[in-house]
Structures are given as C-alpha cells and as structure tokens.
Protein chains: 2
Amino acid sequence: MATIKDVARVAGVSIATVSRVVNKGPKVGQRTRDKVLSVMNELGYTPNANARALVTQKSTTIGLVIPDLSDPFFAALASGVDKIAKDSNVQLLISTSSMSAESEKQAIDLLVERRCEAIIIHSKLLAETTLIELSQRIPGLILIDRFIESINDRCVWLDNLEGGRIAARHFASLGHKQIACINSNYSIDDPKLRLEGFRLALVEQALKLENDMVSENEPSLKGGEIATQKLLASGKPFSALFAYNDAMAIGAISTLEDNGFKVPQDVSVIGFDDVILSRYSRPKLTTLHYPIEEMAQNAAKLALSFAANEQADVVRNYLPRLIKRESTA
Amino acid sequence: MATIKDVARVAGVSIATVSRVVNKGPKVGQRTRDKVLSVMNELGYTPNANARALVTQKSTTIGLVIPDLSDPFFAALASGVDKIAKDSNVQLLISTSSMSAESEKQAIDLLVERRCEAIIIHSKLLAETTLIELSQRIPGLILIDRFIESINDRCVWLDNLEGGRIAARHFASLGHKQIACINSNYSIDDPKLRLEGFRLALVEQALKLENDMVSENEPSLKGGEIATQKLLASGKPFSALFAYNDAMAIGAISTLEDNGFKVPQDVSVIGFDDVILSRYSRPKLTTLHYPIEEMAQNAAKLALSFAANEQADVVRNYLPRLIKRESTA
DNA sequence: TTGAAAGCGATACCAC
DNA sequence: GTGGTATCGCTTTCAA
C-alpha cells in the first residue's frame with residue numbers, strides 16, 4: 001500500500017508538502033497541489049489513520065460497549081451513537097460484552113487500547129467502584145442506562161421506578177383490580193426498580209399486587225410465555241399484566257390467546273421499551289417508550305464533548321412515556 | 001496516558017524488556033517480569049494499539065459496511081461478523097452508508113484508512129467495476145448479499161430467484177389460484193429476482209400472476225400496508241400474497257385483518273428474511289429464512305483468511321429455506 | 001511556498 | 001536475559 005513517501009518521491013516533492021495537500025493545509029502552490037493530487041490518485045494513496053492517530057494523539061474514534069448487537073434495543077442504541085459519530089466524523093468501534101463483569105471490563109480495555117477519545121458504556125455488571133475509577137482515567141467516558149450518584153454528570157439514564165408507576169396508574173385508570181406482573185429474573189437493578197415503582201403506585205391507588213401474582217423468567221419472548229403459563233397455572237384470575245419488556249409482553253399475549261383469553265378484552269398487557277417489535281405485534285402493544293436512540297445520541301454528544309474538554313448541554317435523565325396502543329383497555 | 005517509556009523508566013529497564021513482558025515474549029527473568037508488571041499496574045499502562053498497528057503493519061480490526069444498524073436484518077448481519085471478530089481477537093469497526101453510491105464508497109474508504117485487514121461490504125449501489133477494482137486492491141475484501149461473477153470467490157450471497165420459486169411452489173401445493181405480490185420499489189436486483197423466480201415457478205404450475213396483482217412500495221411495515229390497500233382497492237380477489245420481506249408481510253396482515261380478511265383462512269401470506277419480527281407477529285409468519293447471521297459469519301471468516309493469504313473453506317452461496325408457521329394454509 | 005528533521009509509541013533485530 | 005536502536009507513516013515546528 002502506497003505511503004506518503006511514495007507519493008512524495010513520485011511527485012518530486014517533500015513528504016511535508018504531501019501532508020499539506022492531504023490535510024488541505026494552506027500555502028501550497030496550485031501547480032504542486034495538482035501534481036501531488038494526481039500522483040496520489042495514480043498510486044491509490046490512502047492516508048494511514050493509525051500513523052496519523054499516533055502523531056496527532058487523537059484517534060477520531062468513538063467506542064461503544066454493549067452486550068449484544070442483535071437485540072433490537074441495543075441495535076437502536078448503537079444506531080443512535082452511530083448517527084452522532086457520523087455527524088462528528090469519527091469512526092464507530094463496537095465491543096460486545098457477554099454477560100459478565102470481566103467480559104465488560106475486557107471490552108472496555110480493547111477500546112482504551114485503541115485510544116478512542118469517547119467511550120459509551122452500557123454496563124450492568126461492573127462494580128460501581130470500577131466504573132468510577134475508569135471515568136477518572138478516561139475523560140470521554142459516559143455510562144448509558146446506569147446511574148451512579150457520584151459521577152452522575154457522566155451518566156445518561158432512564159427512571160425505571162417511574163416507569164413502573166406509570167404502568168400502575170394506567171391500569172388503575174382503566175379500573176383494573178386483579179393485577180399481575182411478569183418480571184425479568186436477571187440480578188440487575190432494572191427489574192427491581194420497575195416492580196417497586198409498580199407496587200408503590202398501586203398502593204397509592206388502594207390496589208395491591210399479590211406476591212404470587214409476580215412471575216419471573218428470562219426477559220425474552222419465551223420467558224414471557226413461560227412466566228405467563230405459570231401465572232395461569234396458579235389459577236388466580238387477573239385482568240391486567242405488566243411485563244418487564246416488550247418481548248415478554250408479546251410472549252404473554254401469545255400464551256394468553258392460546259389459552260382462550262382475548263387481549264385486551266379479557267386481559268390488558270403493558271410492555272416496556274417500545275422496541276420495534278411492539279409496533280409489529282398484533283394487537284399492537286401498549287408500552288412504555290424508552291427513548292434509547294435519543295439517549296444514545298446524547299450520550300455520544302456528551303462523551304465527545306467531555307473528550308474535548310468542553311461543556312455539552314444535553315438532557316441526561318429521561319422519563320419513560322406511556323404509548324397507548326391496542327393491548328390495554 | 002502512560003507509555004512504554006514511562007514504564008521502562010520507572011521499572012529501571014529498557015523499553016525492549018517492557019515490550020517483551022507485554023507481549024508475553026520468552027526469556028524474561030521472573031524478577032524483572034514481576035517488577036515490570038507491577039509498574040504497569042501502578043501506572044495504569046495500556047498499550048497503544050495505533051502504535052502497535054503502525055509497526056506491525058496489522059491493525060487487528062475487521063470493518064463492516066452496512067446501510068443501517070437499527071434494521072433487524074443488518075443488526076443480525078453485524079452480530080454474525082462480531083462473533084467471528086471476537087473469536088479471532090479483532091476489533092469490529094462499523095461504517096454505515098446511507099443509500100447512495102458515494103456514501104458507500106466513503107464508508108469503505110474510512111475502513112481502508114484504518115487499515116482494517118478484513119472488510120465485509122454490503123453494497124447494493126456501488127458499480128460492479130468499482131467493487132472489482134477495490135477487491136483487487138484489498139485482499140481481505142468480501143461482498144455480502146451481492147454476486148459478481150468475476151469475483152465470485154469474494155462473494156457470499158443468497159439465491160433470491162430460488163426464494164421466489166419456493167414461495168410459488170408453496171402456494172401451489174396449498175391449492176391457491178388467485179395470487180398476488182407486494183414488492184419493494186427500490187431499484188436493486190433483489191426485488192426483481194424474487195419476483196422473477198415467483199413468476200417462473202408459478203408458470204410451471206400452470207398458474208399466473210396478473211400484472212395488476214403486483215403492488216410496489218417501500219419495503220417497510222407502512223409500505224406493506226399501503227401496497228396491500230392498493231391491491232384491495234383494485235377489487236380483484238386473491239387468496240395468496242407473497243411479500244418482499246417480513247416487514248411488508250406484517251403490514252399486509254395488519255391491513256388484511258383491518259379489512260375483515262382472516263390470515264391464513266382467507267388469505268395466506270409469505271414473508272421473506274425470517275427476521276426476528278416474524279416470530280413475534282400474530283399469526284406467526286410463514287417466511288423464507290435468510291440465514292444472514294451464518295452468512296455474515298462465513299463472510300467474516302473468509303475475509304480474515306483472505307487477508308492472511310490463506311484458504312478458508314466455507315459455504316458462499318445460500319438457498320433460502322421455507323419456514324412454515326401460521327400465516328399460510 | 002517548500003523542505004529537513006524531530007518525534008508519536010510501539011516492535012524486532014542485533015549485540016552483548 | 002537484557003539493552004540499543006532502526007523503523008512503521010504521518011504531523012508539525014523551524015528554517016530557508
């Protein structure tokens with residue numbers, strides 16, 4: 001692959017001059033510029049970004065750590081970061097981290113080795129202390145979907161508790177009395193918070209969620225189906241079901257209808273996240289909108305500006321919003 | 001950020017030695033090794049991948065060009081590449097390209113600048129000549145979802161024509177006579193090929209697709225709805241509908257049911273791609289499985305081995321497979 | 001307007 | 001075992 005030296009030699013100029021025309025630097029004679037340009041073209045010269053990164057001390061890359069690219073939620077997150085990356089002319093580097101703390105740490109390290117100036121991290125498993133320490137070492141580090149008080153200025157997060165509350169109030173306003181919930185069985189904060197908010201607001205409405213009306217399982221379509229089957233098997237009737245996420249909600253609807261319950265006539269179902277699936281399901285899913293793409297954009301903006309030692313003025317904390325579609329009545 | 005020099009100075013050894021311990025090189029005394037390790041840790045030293053890439057002439061990165069990260073189909077593609085990248089200890093760089101030839105070219109150039117040894121490209125718009133030339137310059141370049149005869153060894157593709165055929169035969173075997181199709185209106189090969197295969201196999205079964213029974217629109221949920229409305233508005237009855245992709249198929253089902261047609265009792269619908277959506281829809285979608293994740297994995301393996309000047313023995317051409325679910329009868 | 005040369009942070013070859 | 005040093009491809013003063 002042709003280097004700047006090759007171009008310089010063939011064009012009969014110094015590498016400094018070639019560098020100037022590559023970087024559209026000023027003060028290059030029209031004739032020299034044309035000559036260099038034509039040689040560059042002839043040789044198929046492409047500047048080496050690694051060499052450039054080394055000398056300029058900036059990699060013009062933004063790194064992203066997420067668990068899984070194929071999950072629509074994370075795909076939306078990545079897409080948000082990508083949009084800002086494009087706008088800012090930086091390359092997107094993705095590091096996926098299977099579900100473990102070490103794996104998350106390793107994914108981050110890879111991005112640090114590349115010297116990404118900005119790094120967005122979706123980490124549910126890394127210890128707070130590790131994250132705090134990391135954020136001190138790396139100015140452009142931003143946490144998404146996680147709130148750590150002492151570094152809250154480096155976080156972009158959603159109020160999960162309030163999400164649970166909104167769901168509860170919606171059911172209450174619809175007059176439901178017999179209420180159930182299918183939750184994620186992962187040991188992270190989100191399921192706990194959503195359930196807690198749900199419970200809290202139910203109490204305010206003089207309603208309550210019986211303990212055996214909560215069924216936990218994997219936060220997937222299948223998990224939603226199984227959790228719902230268990231609920232049904234318990235024999236206790238319910239007319240309102242709050243699901244941890246859209247996938248579980250759609251699994252629930254599937255199981256409910258297979259068992260002769262109509263949604264929403266017999267049972268109302270609320271999902272969470274408002275991923276693309278919720279608009280493709282039938283009935284279309286009532287759910288809590290998680291503005292992940294917008295949040296990711298802001299996280300990226302924030303990361304980039306922190307990296308540049310600037311002040312970005314973006315919203316960092318978000319509230320989920322109820323999207324009423326067809327699965328509740 | 002601490003460099004190898006800092007570590008060497010503090011540890012009282014040469015940078016060569018530090019380099020040896022970083023790279024687990026042989027012949028380093030236990031005492032020196034421990035000393036260096038502890039200093040590295042103390043200083044929070046992380047090797048600079050850019051510098052390393054410069055001297056070793058290998059970036060240990062794999063680049064991917066796709067139009068859009070948020071589309072489930074491309075998310076699955078990216079996920080496949082990511083898996084191989086992880087296995088091979090290379091970083092994934094993603095360049096998205098909005099729908100234009102220049103934009104695709106630009107996305108590729110960015111990856112070339114980074115000196116990605118392997119590059120997977122999903123390009124529908126770049127001219128064949130450009131792609132051929134590019135593949136000559138870059139040994140690790142692989143095309144996915146595109147077939148170019150003269151560089152077929154660098155392509156991983158699906159037989160779209162056969163996909164159309166399979167759909168037609170399925171309808172024929174079910175005894176359908178009145179057949180319709182909603183197709184993508186993008187000017188790329190895929191819609192043409194799928195329709196052509198569909199027509200061809202229909203003819204073999206002594207069936208035919210009337211010209212006014214083909215409705216084109218955007219390959220999206222909305223596009224599927226609109227295309228189906230137009231079909232319905234024409235007044236001609238049909239009992240079988242072949243959709244360009246799953247999103248259009250689900251849009252079609254939605255419109256059909258809103259107009260009082262039951263799926264599959266009144267109308268059978270076949271989708272294409274078998275993206276995650278198809279399992280979440282109700283009725284679950286009968287569709288043609290597009291093994292994009294596996295294809296992406298093979299493309300990545302192929303790209304990496306071409307980059308290393310080796311021979312990878314992987315499947316490059318795929319046939320779609322009919323997945324019978326609930327939307328056809 | 002152009003060129004010479006000093007690095008950026010690492011690797012790897014050659015001595016000792 | 002360990003150290004010295006040329007080198008990767010480029011940017012950026014400093015001179016001319």
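Model, not experiment: these values are computed from the prediction. Numbered from 1 within each chain, the chains take letters A, B, ... in sequence-line order.
- In summary, B:Asp109 and B:Lys105 engage in a salt bridge, as defined by a charged side-chain N under 4.0 Å from a carboxylate O.
- Side-chain contact between A:Arg33 and A:Arg20 is absent, with no heavy atoms from C-beta onward closer than 4.5 Å.
- You'll find the side chain of B:Thr61 stays beyond 4.5 Å of the side chain of B:Val90, heavy atoms only.
- Less than 4.0 Å separates DNA chain C from at least one heavy atom of each of the following residues of residues 44-58 of chain B: B:Tyr45, B:Thr46, B:Pro47, B:Asn48, B:Ala51, B:Arg52, B:Leu54, B:Val55, B:Thr56.
- Residues from residues 2-22 of chain B that place a heavy atom under 4.0 Å from any atom of DNA chain C, listed by number: B:Thr3, B:Ile4, B:Lys5, B:Ile15, B:Ala16, B:Ser19, B:Arg20.
- In this structure, B:Lys27 places its NZ atom 18 Å from P of C:dC16, rounding to the nearest Å.
- Listed by residue number, the members of residues 29-36 of chain B with any heavy atom below 4.0 angstrom from DNA chain C form an empty set.
- Regarding B:Arg115, its CZ atom lies at a distance of 9 Å from the P atom of D:dG9, rounded to whole Å.
- Ionic pairing of B:Asp6 and B:Arg9 is present here: one or more N-O contacts between side-chain nitrogen and carboxylate oxygen are shorter than 4.0 angstrom.
- Results of the side-chain contact (heavy atoms from CB on, under 4.5 Å) test with B:Leu92 over A:Leu92, A:Leu110, A:Leu69 single out A:Leu69 as the only residue that passes.
- Under the 30°/60° scheme for interplanar angles, the aromatic rings of B:Phe147 and B:Trp157 are found to be tilted.
- A salt bridge links A:Asp190 with A:Lys124: the distance from a Lys NZ or Arg NE/NH1/NH2 to an Asp or Glu carboxylate oxygen falls below 4.0 Å.
- Under the 3.5 Å distance criterion, the side-chain polar atoms of B:Thr56 are matched with a main-chain donor or acceptor of B:Arg52.
- Rounded to an integer number of Å, the gap from B:Asn23 CG to C:dC13 P is 13 Å.
- Formation of a donor-acceptor pair under 3.5 Å by the B:Asn298 side chain with backbone atoms of B:Val315 is found in this model.
- Here A:Tyr290 and A:Phe73 bring their ring centres to under 6.0 angstrom of each other.
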